[in-house]
Amino acid sequence: MIKVIITRNPEFLSYKEKLQKMYEQNQDKICDSNSFNFIIHNTLFYCFVDSDGTLIGAIYFFKEKDKLFLNAYSGRKHLDANIECVKLSTTWFNCDIYAEAQNRASALCLLRAGFKRVKDKLFVYKHGENPRKD
């Protein structure tokens, strides 16, 4: 079971330092020039933790050009958990969700989570087209 923690949850503080370090290690791979403090205060930021308390990673949502975008980062070797986190997070919004995949692993995760390639690195999850089956 995967636990979702938001920044206002007191438990978030116990993961904040690890999340920041993970973000800074992956920042160039996700092409986000914003600081960690900026994203936790100016986006819809969600932390994902495995049932044993292991930090999986984070997904955050933001508006750009009247579209909702998803960006995410995680530790290595969490592809299956990442797919589940992305699938889960798509159920929280009743609109299309866009994402840019900067590498092959990100593209694979998005595709397996139900996103479709729009062009090059741009993907979209069409609201209502991929109902969750679990």
Side-chain angles (χ1 to χ4, degrees):
M1 179 166 188
I2 296 173
K3 182 190 242 183
V4 182
I5 302 170
I6 61 172
T7 56
R8 291 186 181 186
N9 183 323
E11 193 175 351
F12 176 77
L13 293 175
S14 62
Y15 292 98
K16 186 177 178 183
E17 190 174 306
K18 286 181 183 177
L19 282 163
Q20 181 169 359
K21 184 176 180 181
M22 188 183 288
Y23 175 73
E24 290 168 354
Q25 290 172 338
N26 289 285
Q27 194 171 7
D28 61 329
K29 295 177 189 97
I30 62 172
C31 295
D32 193 334
S33 60
N34 293 301
S35 71
F36 178 73
N37 282 330
F38 178 88
I39 66 166
I40 65 170
H41 293 295
N42 296 287
T43 69
L44 299 171
F45 187 91
Y46 303 93
C47 164
F48 294 86
V49 178
D50 213 339
S51 58
D52 65 359
T54 302
L55 177 63
I56 297 169
I59 294 176
Y60 54 101
F61 294 87
F62 57 94
K63 281 274 209 160
E64 186 173 293
K65 299 178 186 172
D66 291 329
K67 293 179 180 171
L68 184 65
F69 275 82
L70 166 154
N71 207 352
Y73 62 94
S74 72
R76 296 181 51 77
K77 301 186 182 190
H78 287 287
L79 181 61
D80 290 338
N82 292 339
I83 293 166
E84 286 307 307
C85 293
V86 173
K87 282 182 181 179
L88 175 63
S89 71
T90 61
T91 66
W92 301 335
F93 302 94
N94 58 355
C95 63
D96 294 348
I97 302 170
Y98 293 81
E100 289 190 32
Q102 302 301 328
N103 54 58
R104 188 170 181 259
S106 297
L108 180 62
C109 180
L110 290 170
L111 290 168
R112 288 192 179 167
F115 281 72
K116 305 285 187 232
R117 187 182 302 267
V118 175
K119 64 178 181 181
D120 301 325
K121 297 179 181 184
L122 183 65
F123 293 76
V124 65
Y125 180 89
K126 291 293 210 174
H127 174 68
E129 286 187 10
N130 302 316
R132 251 181 100 84
K133 293 181 175 135
D134 46 42

Item to complete: Applying side-chain contact (heavy atoms from CB on, under 4.5 Å), name anything that partners Asp32, two or more places apart in sequence or on another chain.
Response: Tyr23, Ile30, Asn34, Ile39, Tyr60, Asn71

Worksheet item: To the nearest 0.5 Å, how far apart are SG in Cys31 and CG in Asn26?
Response: 11.5 Å

Worksheet, complete the sentence: When rounded to the nearest 0.5 Å, the distance separating CD of Glu24 from CD of Gln20 is 4.5 Å

Fill in: Side chain proximity check, Leu70 to Tyr125, heavy atoms < 4.5 angstrom
no

Worksheet item: Testing Phe115, Tyr98, Phe93 for ring-ring contact (aromatic ring centres under 6.0 Å, His included) with Phe69, which one passes?
Response: Tyr98

Worksheet item: Do Leu55 and Ile83 belong to the same hydrophobic cluster, where Ile, Leu, Val, Met, Phe, Trp and Tyr are linked whenever their side-chain heavy atoms lie under 4.5 Å apart, directly or via other members?
Response: no

Item to complete: Could you label the plane-to-plane angle of the Phe61 and Tyr46 rings as parallel, tilted or perpendicular, counting under 30° as parallel and over 60° as perpendicular?
Response: perpendicular

Worksheet item: Are any non-hydrogen side-chain atoms of Leu44 and Trp92 less than 4.5 angstrom apart?
Response: no

Discussion item. Within the 4.5 Å heavy-atom criterion, are Val4 and Phe48 side-chain neighbours or not?
Written reply: yes

Worksheet item: Under a single-linkage rule joining Ile, Leu, Val, Met, Phe, Trp and Tyr whose side-chain heavy atoms are separated by less than 4.5 Å, which residues share a cluster with Met1?
Response: none

Practice prompt. Please round to the nearest 0.5 Å and tell me the distance separating atom CD of Gln102 and atom CG of Asp28.
Written response: 10.5 Å

Worksheet item: CG of Asp66 to SG of Cys95: how many Å apart, nearest 0.5 Å?
Response: 11.5 Å

Worksheet entry | Over 12 foreign heavy atoms within 6.0 Å of CG, Asp52 | yes

Discussion item. With a 4.5 Å cut-off on side-chain heavy atoms, are Tyr73 and Lys29 touching?
Written reply: no

Worksheet item: Do the side chains of Phe123 and Leu111 get nearer than 4.5 Å, heavy atoms only?
Response: yes

Item to complete: Identify, with sequence neighbours excluded, every residue that meets side chain to side chain donor-acceptor pair (under 3.5 Å) alongside Ser74.
Response: Asn82

Practice prompt. Look at Lys87 together with Glu84 and state whether they make a salt bridge at an N to O cut-off of under 4.0 Å.
Written response: yes

Worksheet entry | Check: Val49 and Glu11 side chains under 4.5 Å, non-hydrogen atoms | no

Worksheet item: Can you tell me how far the CD1 atom of Ile59 sits from the SG atom of Cys85, to the nearest 0.5 Å?
Response: 5.5 Å

Response to the item:
With sequence neighbours left out, the residues meeting ring-ring contact (aromatic ring centres under 6.0 Å, His included) with Phe38 are none

Worksheet item: About how many Å separate NZ of Lys3 and OH of Tyr15, when rounded to the nearest 0.5 Å?
Response: 6.0 Å

Worksheet item: Should we say atom CD of Glu17 is surrounded by more than 12 heavy atoms from elsewhere, each under 6.0 Å from it?
Response: no

Fill in: Sequence neighbours excluded, every pair satisfying salt bridge (charged side-chain N to carboxylate O under 4.0 Å, His left out) that has a member inside residues 96-114
Asp96-Lys126

Worksheet, complete the sentence: Closest non-hydrogen atoms of His78 and Thr54, given as atom of the first, atom of the second and distance, are CE1-CG2, 4.5 Å

Worksheet entry | Worked check of side-chain contact (heavy atoms from CB on, under 4.5 Å) between Ile40 and Lys16 | CA-CA 10 Å; Ile40 65 170; Lys16 186 177 178 183; 3.8 Å; yes

Practice prompt. Sequence neighbours left out, what passes side chain to side chain donor-acceptor pair (under 3.5 Å) with Asn42? Give chain and number order.
Written response: none

